[in-house]
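The chains referred to below are lettered A, B, ... by the order of the sequence lines, with proteins before strands, and numbering in each begins at 1. Just so you know, these numbers come straight off a predicted model, no measurement behind them. Every heavy atom of this structure was used, including side-chain atoms; hydrogens, water molecules and symmetry mates were not.
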Number of protein chains: 2
Amino acid sequence: MATLDLSPISDVFRHQGYNGASLSMIAEAVGLKRASLYHRFPGGKQEMAEAVLADVREYFLINVVGPLHSNESPADRLIQAIDGIRIFYRDGRKSCLIDVLSLGEPAALFRPYISELIAAWTDAMTVVSRDSGHTEVRARQLAEESLIRIQGALVVSRSMMASDVFTRVLDSLPDHLLA
Amino acid sequence: MATLDLSPISDVFRHQGYNGASLSMIAEAVGLKRASLYHRFPGGKQEMAEAVLADVREYFLINVVGPLHSNESPADRLIQAIDGIRIFYRDGRKSCLIDVLSLGEPAALFRPYISELIAAWTDAMTVVSRDSGHTEVRARQLAEESLIRIQGALVVSRSMMASDVFTRVLDSLPDHLLA
DNA sequence: CCATATTTACCGAACGTTCGGTAATTTGAT
DNA sequence: ATCAAATTACCGAACGTTCGGTAAATATGG
(Lines give C-alpha, C1' and ligand atoms only; values in the text may rest on other atoms or scores of the structure.)
Protein backbone atom coordinates (compact mmCIF):
# COMPACT_ATOMS: atom_id res chain seq x y z
CA MET A 1 0.00 0.00 0.00
CA ALA A 2 2.45 2.60 1.33
CA THR A 3 0.35 5.71 0.95
CA LEU A 4 2.38 8.48 -0.66
CA ASP A 5 3.98 11.18 1.44
CA LEU A 6 2.39 14.44 0.32
CA SER A 7 4.81 16.89 1.87
CA PRO A 8 7.21 16.97 -1.11
CA ILE A 9 4.28 17.83 -3.34
CA SER A 10 3.12 20.43 -0.87
CA ASP A 11 6.58 21.98 -0.95
CA VAL A 12 6.54 22.24 -4.72
CA PHE A 13 3.14 23.94 -4.78
CA ARG A 14 4.08 26.28 -1.97
CA HIS A 15 7.32 27.29 -3.61
CA GLN A 16 6.13 27.49 -7.22
CA GLY A 17 2.41 28.21 -7.10
CA TYR A 18 -0.09 26.10 -8.99
CA ASN A 19 0.89 27.12 -12.50
CA GLY A 20 4.57 27.12 -11.69
CA ALA A 21 4.47 23.63 -10.25
CA SER A 22 5.13 21.31 -13.18
CA LEU A 23 4.48 17.60 -13.08
CA SER A 24 8.16 17.08 -13.75
CA MET A 25 9.04 18.96 -10.57
CA ILE A 26 6.43 17.09 -8.58
CA ALA A 27 7.51 13.73 -9.98
CA GLU A 28 11.11 14.42 -9.11
CA ALA A 29 10.16 15.59 -5.63
CA VAL A 30 8.29 12.36 -4.82
CA GLY A 31 10.76 10.11 -6.64
CA LEU A 32 8.38 8.86 -9.31
CA LYS A 33 8.09 9.33 -13.03
CA ARG A 34 5.54 11.74 -14.38
CA ALA A 35 3.28 8.99 -15.64
CA SER A 36 3.26 7.20 -12.28
CA LEU A 37 1.66 10.19 -10.63
CA TYR A 38 -1.49 9.35 -12.56
CA HIS A 39 -1.73 6.05 -10.76
CA ARG A 40 -1.92 7.85 -7.41
CA PHE A 41 -3.85 10.83 -8.71
CA PRO A 42 -6.11 9.87 -11.62
CA GLY A 43 -7.49 13.41 -11.49
CA GLY A 44 -4.11 14.81 -12.45
CA LYS A 45 -2.57 18.00 -11.20
CA GLN A 46 -5.79 19.31 -9.72
CA GLU A 47 -6.27 16.19 -7.63
CA MET A 48 -2.69 16.52 -6.39
CA ALA A 49 -3.35 20.04 -5.21
CA GLU A 50 -6.60 18.97 -3.57
CA ALA A 51 -4.83 16.11 -1.78
CA VAL A 52 -2.21 18.54 -0.53
CA LEU A 53 -4.91 20.91 0.68
CA ALA A 54 -6.64 18.07 2.52
CA ASP A 55 -3.31 17.15 4.09
CA VAL A 56 -2.71 20.71 5.19
CA ARG A 57 -6.23 20.90 6.55
CA GLU A 58 -5.60 17.81 8.65
CA TYR A 59 -2.35 19.22 9.96
CA PHE A 60 -4.01 22.46 10.94
CA LEU A 61 -6.96 20.79 12.62
CA ILE A 62 -4.60 18.64 14.68
CA ASN A 63 -1.79 21.06 15.40
CA VAL A 64 -3.40 24.49 15.42
CA VAL A 65 -7.17 24.40 15.68
CA GLY A 66 -7.20 21.44 18.08
CA PRO A 67 -4.89 22.98 20.67
CA LEU A 68 -6.80 26.26 20.51
CA HIS A 69 -9.98 24.42 21.56
CA SER A 70 -8.47 22.43 24.43
CA ASN A 71 -9.31 23.12 28.06
CA GLU A 72 -5.95 24.40 29.15
CA SER A 73 -5.32 28.08 29.80
CA PRO A 74 -5.70 30.38 26.78
CA ALA A 75 -2.00 31.27 26.99
CA ASP A 76 -0.93 27.62 26.93
CA ARG A 77 -3.32 26.81 24.12
CA LEU A 78 -2.02 29.68 22.04
CA ILE A 79 1.59 28.68 22.64
CA GLN A 80 0.91 25.20 21.32
CA ALA A 81 -0.90 26.58 18.27
CA ILE A 82 1.95 28.98 17.56
CA ASP A 83 4.37 26.09 17.66
CA GLY A 84 2.22 24.26 15.15
CA ILE A 85 2.21 27.32 12.90
CA ARG A 86 5.92 27.95 13.26
CA ILE A 87 6.73 24.38 12.30
CA PHE A 88 4.30 24.36 9.40
CA TYR A 89 5.81 27.48 7.85
CA ARG A 90 9.38 26.46 8.76
CA ASP A 91 10.00 29.73 10.59
CA GLY A 92 8.66 31.67 7.63
CA ARG A 93 10.79 30.01 5.00
CA LYS A 94 7.83 28.24 3.40
CA SER A 95 4.98 30.05 1.72
CA CYS A 96 1.31 29.61 2.43
CA LEU A 97 -0.96 27.64 0.12
CA ILE A 98 -3.74 30.10 0.90
CA ASP A 99 -1.63 32.79 -0.71
CA VAL A 100 -0.19 30.73 -3.50
CA LEU A 101 -3.31 28.88 -4.61
CA SER A 102 -5.44 32.00 -4.73
CA LEU A 103 -3.57 33.29 -7.77
CA GLY A 104 -4.65 33.06 -11.39
CA GLU A 105 -7.58 31.28 -12.88
CA PRO A 106 -6.95 27.95 -11.09
CA ALA A 107 -7.79 29.79 -7.87
CA ALA A 108 -11.49 29.19 -8.49
CA LEU A 109 -10.94 25.45 -8.12
CA PHE A 110 -9.63 25.76 -4.58
CA ARG A 111 -11.61 28.67 -3.20
CA PRO A 112 -14.04 26.46 -1.22
CA TYR A 113 -11.22 24.49 0.45
CA ILE A 114 -9.32 27.66 1.26
CA SER A 115 -12.34 29.51 2.60
CA GLU A 116 -13.11 26.65 4.96
CA LEU A 117 -9.52 26.54 6.14
CA ILE A 118 -9.47 30.26 6.85
CA ALA A 119 -12.80 30.09 8.63
CA ALA A 120 -11.74 27.23 10.90
CA TRP A 121 -8.49 28.98 11.73
CA THR A 122 -10.11 32.32 12.44
CA ASP A 123 -12.86 30.73 14.51
CA ALA A 124 -10.33 28.88 16.65
CA MET A 125 -8.33 32.02 17.31
CA THR A 126 -11.56 33.82 18.14
CA VAL A 127 -12.36 31.18 20.76
CA VAL A 128 -9.03 31.44 22.54
CA SER A 129 -9.19 35.22 22.49
CA ARG A 130 -12.70 35.26 23.86
CA ASP A 131 -11.76 32.73 26.56
CA SER A 132 -8.94 35.04 27.61
CA GLY A 133 -11.48 37.70 28.48
CA HIS A 134 -12.30 39.60 25.30
CA THR A 135 -15.84 40.07 24.06
CA GLU A 136 -16.92 37.91 21.16
CA VAL A 137 -16.87 40.84 18.76
CA ARG A 138 -13.47 42.07 19.88
CA ALA A 139 -12.09 38.54 19.87
CA ARG A 140 -13.17 38.08 16.27
CA GLN A 141 -11.54 41.38 15.29
CA LEU A 142 -8.29 40.31 16.93
CA ALA A 143 -8.38 36.86 15.35
CA GLU A 144 -8.87 38.31 11.89
CA GLU A 145 -6.10 40.78 12.58
CA SER A 146 -3.82 37.95 13.66
CA LEU A 147 -4.44 36.00 10.49
CA ILE A 148 -3.66 39.11 8.48
CA ARG A 149 -0.41 39.68 10.37
CA ILE A 150 0.68 36.08 9.88
CA GLN A 151 -0.03 36.13 6.16
CA GLY A 152 1.63 39.51 5.77
CA ALA A 153 4.68 38.37 7.68
CA LEU A 154 4.99 35.38 5.37
CA VAL A 155 4.90 37.59 2.29
CA VAL A 156 7.34 40.15 3.65
CA SER A 157 9.81 37.67 5.08
CA ARG A 158 9.77 35.67 1.86
CA SER A 159 10.29 38.68 -0.38
CA MET A 160 13.11 39.99 1.82
CA MET A 161 14.49 36.56 2.67
CA ALA A 162 14.40 37.61 6.31
CA SER A 163 12.65 34.98 8.37
CA ASP A 164 12.99 37.00 11.59
CA VAL A 165 10.04 39.11 10.44
CA PHE A 166 7.84 36.05 10.66
CA THR A 167 9.29 34.86 13.96
CA ARG A 168 8.73 38.27 15.52
CA VAL A 169 5.09 38.36 14.49
CA LEU A 170 4.48 34.89 15.88
CA ASP A 171 6.13 35.80 19.17
CA SER A 172 3.94 38.87 19.50
CA LEU A 173 0.72 36.93 18.91
CA PRO A 174 -0.12 36.30 22.59
CA ASP A 175 0.14 40.00 23.39
CA HIS A 176 -2.09 40.87 20.47
CA LEU A 177 -4.69 38.17 20.83
CA LEU A 178 -5.12 37.66 24.59
CA ALA A 179 -6.59 40.04 27.15
CA MET B 1 5.82 55.54 -31.34
CA ALA B 2 3.18 55.95 -28.65
CA THR B 3 5.02 54.45 -25.70
CA LEU B 4 3.17 51.40 -24.52
CA ASP B 5 0.81 51.53 -21.53
CA LEU B 6 2.21 49.10 -18.99
CA SER B 7 -0.81 48.76 -16.73
CA PRO B 8 -2.42 45.91 -18.70
CA ILE B 9 0.85 43.98 -18.40
CA SER B 10 1.01 44.80 -14.74
CA ASP B 11 -2.50 43.45 -14.30
CA VAL B 12 -1.61 40.16 -15.95
CA PHE B 13 1.44 39.66 -13.74
CA ARG B 14 -0.44 40.61 -10.62
CA HIS B 15 -3.32 38.28 -11.37
CA GLN B 16 -1.34 35.33 -12.69
CA GLY B 17 2.10 35.53 -11.14
CA TYR B 18 5.26 35.42 -13.23
CA ASN B 19 5.00 31.79 -14.33
CA GLY B 20 1.28 31.98 -14.84
CA ALA B 21 1.51 35.07 -17.01
CA SER B 22 1.93 33.78 -20.56
CA LEU B 23 3.01 35.94 -23.46
CA SER B 24 -0.31 35.17 -25.10
CA MET B 25 -2.18 36.69 -22.17
CA ILE B 26 0.10 39.71 -22.14
CA ALA B 27 -0.17 40.18 -25.89
CA GLU B 28 -3.94 40.05 -25.76
CA ALA B 29 -3.99 42.45 -22.83
CA VAL B 30 -1.97 45.09 -24.69
CA GLY B 31 -3.64 44.42 -28.06
CA LEU B 32 -0.58 43.19 -29.91
CA LYS B 33 0.52 39.86 -31.32
CA ARG B 34 2.90 37.79 -29.27
CA ALA B 35 5.85 38.43 -31.56
CA SER B 36 5.28 42.19 -31.48
CA LEU B 37 6.05 42.23 -27.80
CA TYR B 38 9.65 41.44 -28.69
CA HIS B 39 9.91 44.71 -30.56
CA ARG B 40 9.00 46.62 -27.39
CA PHE B 41 10.78 44.25 -25.02
CA PRO B 42 13.77 42.61 -26.73
CA GLY B 43 14.62 41.09 -23.36
CA GLY B 44 11.40 39.09 -23.44
CA LYS B 45 9.22 38.24 -20.50
CA GLN B 46 11.81 39.21 -17.92
CA GLU B 47 12.18 42.68 -19.40
CA MET B 48 8.41 43.07 -19.35
CA ALA B 49 8.33 42.26 -15.66
CA GLU B 50 11.19 44.64 -14.99
CA ALA B 51 9.45 47.41 -16.91
CA VAL B 52 6.32 46.82 -14.87
CA LEU B 53 8.32 46.91 -11.65
CA ALA B 54 9.93 50.19 -12.71
CA ASP B 55 6.47 51.56 -13.48
CA VAL B 56 5.18 50.48 -10.09
CA ARG B 57 8.23 51.97 -8.43
CA GLU B 58 7.54 55.29 -10.10
CA TYR B 59 3.90 55.23 -9.02
CA PHE B 60 4.87 54.51 -5.44
CA LEU B 61 7.53 57.19 -5.30
CA ILE B 62 5.06 59.78 -6.59
CA ASN B 63 1.86 58.70 -4.88
CA VAL B 64 2.97 57.07 -1.65
CA VAL B 65 6.57 57.82 -0.71
CA GLY B 66 6.41 61.42 -1.95
CA PRO B 67 3.39 62.47 0.08
CA LEU B 68 4.84 60.80 3.18
CA HIS B 69 7.89 63.07 2.93
CA SER B 70 6.04 66.33 2.35
CA ASN B 71 5.91 69.12 4.93
CA GLU B 72 2.24 68.91 5.76
CA SER B 73 1.01 67.39 9.01
CA PRO B 74 1.78 63.68 9.51
CA ALA B 75 -1.94 62.89 9.47
CA ASP B 76 -2.48 64.67 6.17
CA ARG B 77 0.58 63.06 4.64
CA LEU B 78 -0.57 59.62 5.67
CA ILE B 79 -4.06 60.18 4.31
CA GLN B 80 -2.64 61.05 0.91
CA ALA B 81 -0.37 58.01 0.94
CA ILE B 82 -3.26 55.74 1.93
CA ASP B 83 -5.24 57.08 -1.00
CA GLY B 84 -2.35 56.24 -3.29
CA ILE B 85 -2.21 52.72 -1.86
CA ARG B 86 -5.95 52.20 -2.05
CA ILE B 87 -6.05 53.21 -5.68
CA PHE B 88 -3.02 51.13 -6.58
CA TYR B 89 -4.53 47.97 -5.11
CA ARG B 90 -8.03 48.78 -6.34
CA ASP B 91 -9.50 48.48 -2.84
CA GLY B 92 -7.75 45.14 -2.39
CA ARG B 93 -8.98 43.58 -5.60
CA LYS B 94 -5.53 43.58 -7.17
CA SER B 95 -2.61 41.58 -5.84
CA CYS B 96 0.81 42.88 -4.99
CA LEU B 97 3.80 42.32 -7.26
CA ILE B 98 5.97 42.02 -4.17
CA ASP B 99 3.97 38.95 -3.22
CA VAL B 100 3.50 37.54 -6.65
CA LEU B 101 7.01 38.02 -8.02
CA SER B 102 8.70 36.54 -4.97
CA LEU B 103 7.43 33.06 -5.83
CA GLY B 104 9.32 30.29 -7.55
CA GLU B 105 12.74 30.36 -9.08
CA PRO B 106 12.18 33.57 -11.16
CA ALA B 107 11.98 35.39 -7.81
CA ALA B 108 15.76 35.69 -7.75
CA LEU B 109 15.63 37.96 -10.82
CA PHE B 110 13.49 40.57 -9.11
CA ARG B 111 14.71 40.42 -5.52
CA PRO B 112 16.87 43.56 -5.83
CA TYR B 113 14.01 45.64 -7.30
CA ILE B 114 11.59 44.35 -4.69
CA SER B 115 13.93 44.87 -1.77
CA GLU B 116 14.50 48.46 -2.80
CA LEU B 117 10.79 49.05 -3.14
CA ILE B 118 10.09 47.63 0.30
CA ALA B 119 12.91 49.63 1.83
CA ALA B 120 11.72 52.92 0.33
CA TRP B 121 8.16 52.26 1.43
CA THR B 122 9.14 51.25 4.96
CA ASP B 123 11.51 54.20 5.31
CA ALA B 124 8.81 56.64 4.25
CA MET B 125 6.31 55.25 6.74
CA THR B 126 9.00 55.38 9.39
CA VAL B 127 9.50 59.09 8.71
CA VAL B 128 5.85 60.01 9.05
CA SER B 129 5.53 57.94 12.19
CA ARG B 130 8.60 59.54 13.74
CA ASP B 131 7.37 62.99 12.78
CA SER B 132 4.11 62.27 14.57
CA GLY B 133 6.03 61.88 17.83
CA HIS B 134 7.30 58.33 18.00
CA THR B 135 10.95 57.49 18.60
CA GLU B 136 12.96 56.40 15.60
CA VAL B 137 13.07 52.80 16.82
CA ARG B 138 9.36 52.63 17.60
CA ALA B 139 8.51 54.35 14.33
CA ARG B 140 10.45 51.74 12.39
CA GLN B 141 8.65 48.93 14.25
CA LEU B 142 5.30 50.46 13.44
CA ALA B 143 6.21 51.02 9.80
CA GLU B 144 7.28 47.42 9.38
CA GLU B 145 4.13 46.29 11.13
CA SER B 146 2.04 48.44 8.79
CA LEU B 147 3.65 46.93 5.71
CA ILE B 148 2.96 43.46 7.10
CA ARG B 149 -0.68 44.30 7.77
CA ILE B 150 -1.15 45.70 4.27
CA GLN B 151 0.41 42.67 2.61
CA GLY B 152 -1.54 40.30 4.83
CA ALA B 153 -4.79 42.10 4.13
CA LEU B 154 -4.15 41.77 0.40
CA VAL B 155 -3.64 38.02 0.71
CA VAL B 156 -6.63 37.44 2.95
CA SER B 157 -9.02 39.64 1.03
CA ARG B 158 -7.97 38.05 -2.26
CA SER B 159 -8.35 34.50 -1.00
CA MET B 160 -11.73 35.25 0.54
CA MET B 161 -12.82 37.61 -2.21
CA ALA B 162 -13.73 40.10 0.51
CA SER B 163 -12.18 43.45 -0.24
CA ASP B 164 -13.54 45.00 2.97
CA VAL B 165 -10.69 43.31 4.86
CA PHE B 166 -8.23 45.43 2.94
CA THR B 167 -10.24 48.61 3.26
CA ARG B 168 -10.52 48.16 7.02
CA VAL B 169 -6.78 47.72 7.43
CA LEU B 170 -6.08 50.84 5.39
CA ASP B 171 -8.55 52.87 7.41
CA SER B 172 -6.90 51.77 10.64
CA LEU B 173 -3.42 52.74 9.48
CA PRO B 174 -3.38 56.27 11.01
CA ASP B 175 -4.30 54.90 14.45
CA HIS B 176 -1.56 52.28 14.21
CA LEU B 177 1.19 54.40 12.77
CA LEU B 178 0.80 57.85 14.32
CA ALA B 179 1.32 58.89 17.94
C1' DC C 1 11.54 55.78 -50.29
C1' DC C 2 12.84 54.74 -45.92
C1' DA C 3 12.60 53.41 -41.32
C1' DT C 4 9.88 51.88 -37.80
C1' DA C 5 6.14 49.04 -36.25
C1' DT C 6 3.51 45.03 -36.60
C1' DT C 7 2.35 40.78 -38.58
C1' DT C 8 2.54 35.92 -40.28
C1' DA C 9 4.91 31.83 -40.02
C1' DC C 10 7.66 29.03 -37.65
C1' DC C 11 10.96 26.79 -34.13
C1' DG C 12 12.48 23.57 -30.24
C1' DA C 13 11.22 22.65 -25.67
C1' DA C 14 8.20 21.80 -22.07
C1' DC C 15 3.55 21.35 -20.69
C1' DG C 16 -0.30 18.03 -18.75
C1' DT C 17 -2.05 13.76 -20.08
C1' DT C 18 -2.80 9.07 -22.06
C1' DC C 19 -1.57 4.48 -23.22
C1' DG C 20 0.56 -0.11 -23.53
C1' DG C 21 3.16 -2.88 -21.08
C1' DT C 22 6.22 -4.80 -17.23
C1' DA C 23 7.72 -5.70 -12.71
C1' DA C 24 6.18 -6.44 -8.03
C1' DT C 25 2.83 -7.58 -4.78
C1' DT C 26 -1.47 -9.53 -3.02
C1' DT C 27 -5.15 -12.85 -3.40
C1' DG C 28 -7.45 -17.33 -3.54
C1' DA C 29 -7.99 -22.06 -4.42
C1' DT C 30 -5.80 -26.23 -3.74
C1' DA D 1 2.54 -24.09 1.71
C1' DT D 2 2.20 -23.61 -3.33
C1' DC D 3 1.36 -21.63 -7.44
C1' DA D 4 -1.41 -19.43 -10.86
C1' DA D 5 -4.56 -15.43 -11.20
C1' DA D 6 -5.55 -10.91 -10.23
C1' DT D 7 -4.31 -6.49 -8.67
C1' DT D 8 -1.21 -2.81 -7.75
C1' DA D 9 2.78 0.06 -8.80
C1' DC D 10 5.58 1.88 -11.92
C1' DC D 11 7.71 3.16 -16.33
C1' DG D 12 8.89 4.67 -21.41
C1' DA D 13 7.04 6.67 -25.21
C1' DA D 14 4.09 9.41 -27.37
C1' DC D 15 -0.10 12.41 -27.69
C1' DG D 16 -1.83 17.26 -28.77
C1' DT D 17 -1.14 21.82 -26.94
C1' DT D 18 1.13 25.74 -25.36
C1' DC D 19 5.25 27.74 -23.94
C1' DG D 20 8.92 31.62 -24.80
C1' DG D 21 11.36 33.13 -28.62
C1' DT D 22 13.12 34.11 -33.73
C1' DA D 23 13.20 35.31 -38.77
C1' DA D 24 11.19 36.89 -42.72
C1' DA D 25 7.53 39.43 -44.76
C1' DT D 26 4.03 43.16 -44.75
C1' DA D 27 1.95 47.37 -43.35
C1' DT D 28 2.32 52.29 -41.83
C1' DG D 29 3.69 57.00 -41.56
C1' DG D 30 7.15 60.82 -42.38
Given the ring of B:F88, does B:K94 sit roughly above its face, with NZ or CZ under 6.0 Å from the centre of the six-membered ring and within 45° of the axis?
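Verdict for B:F88: no cation-pi partner in B:K94.
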
On the six-membered ring of A:F41, is A:R34 placed so that its NZ or CZ lies under 6.0 angstrom from the centre and within 45° of the ring axis?
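Verdict for A:F41: no cation-pi partner in A:R34.
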
Using a cut-off of less than 4.0 Å, is there contact between a side-chain N or O of B:H39 and OP1 or OP2 of C:dA5?
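For C:dA5, OP1 or OP2 has a side-chain N or O of B:H39 closer than 4.0 Å.
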
Using only side-chain N and O atoms of B:R40, determine if any of them is under 4.0 Å from OP1 or OP2 of C:dT6.
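Yes, because at least one side-chain N or O of B:R40 sits under 4.0 Å from OP1 or OP2 of C:dT6.
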
Under the criterion side-chain contact (heavy atoms from CB on, under 4.5 Å), which of A:H134, A:R77, A:H69 is the partner of A:V128?
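In the set A:H134, A:R77, A:H69, the residue that makes a side-chain contact (heavy atoms from CB on, under 4.5 Å) with A:V128 is A:R77.
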
Starting at [atom1] of [X] and ending at [atom2] of [N], how long is that distance when rounded to a whole Å?
X	N	atom1	atom2	answer
A:L37	D:dC11	CG	C1'	12 Å
B:K33	C:dT6	NZ	P	13 Å
A:N19	C:dA14	CG	P	18 Å
B:Y18	D:dC19	OH	C1'	12 Å
A:Q16	C:dG16	CD	C1'	16 Å
A:L32	D:dA9	CG	C1'	9 Å

Go through the side-chain N and O atoms of [X] and [Y] and say whether any donor and acceptor fall under 3.5 Å apart.
X	Y	result
B:E72	B:Q80	yes
A:S95	A:R158	yes
B:E145	B:Q141	no
B:R149	B:S172	yes

Looking at B:R57 and B:E116, is there a salt bridge between them, counting it only when a charged N and a carboxylate O are closer than 4.0 Å?
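Here B:E116 pairs with B:R57 in a salt bridge, since their nearest N and O are under 4.0 Å apart.
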
Would you call A:R168 and A:D171 a salt bridge, using N to O less than 4.0 angstrom?
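A:D171 and A:R168: not salt-bridged.
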
Checking salt bridge (charged side-chain N to carboxylate O under 4.0 Å, His left out) for the pair A:R140/A:D123: CA distance, chi angles, key distance, verdict?
CA-CA 8 Å; A:R140 173 139 249 119; A:D123 288 348; 2.2 Å; yes

Specify the residues of residues 45-54 of chain A, ordered by number, for which at least one heavy atom lies under 4.0 angstrom from an atom of DNA chain C.
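Heavy-atom contacts with DNA chain C come from A:K45.
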
Positions of residues 22-30 of chain A (non-hydrogen atom under 4.0 Å from DNA chain C), listed by number:
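Those residues whose heavy atoms fall under 4.0 Å from DNA chain C, taken from residues 22-30 of chain A in numerical order, are A:S22, A:L23, A:S24.
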
Proximity to the side chain of A:R34 - top-ranked nucleotide from D:dT22, C:dT6, C:dG16:
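Among the listed nucleotides, the one closest to the side chain of A:R34 is C:dG16.
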
Should the ring pair A:Y89 and A:W121 be called parallel, tilted or perpendicular, given that the plane angle runs from 0 to 90° and is split at 30 and 60?
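A:Y89 vs A:W121 ring planes: parallel.
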
So what is the end-to-end bend of the helix from C:dC1-D:dG30 to C:dT30-D:dA1, with 5 pairs used at each end and the value given to 10 degrees?
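Rounded to the nearest 10 degrees, the bend comes out at 20°.
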
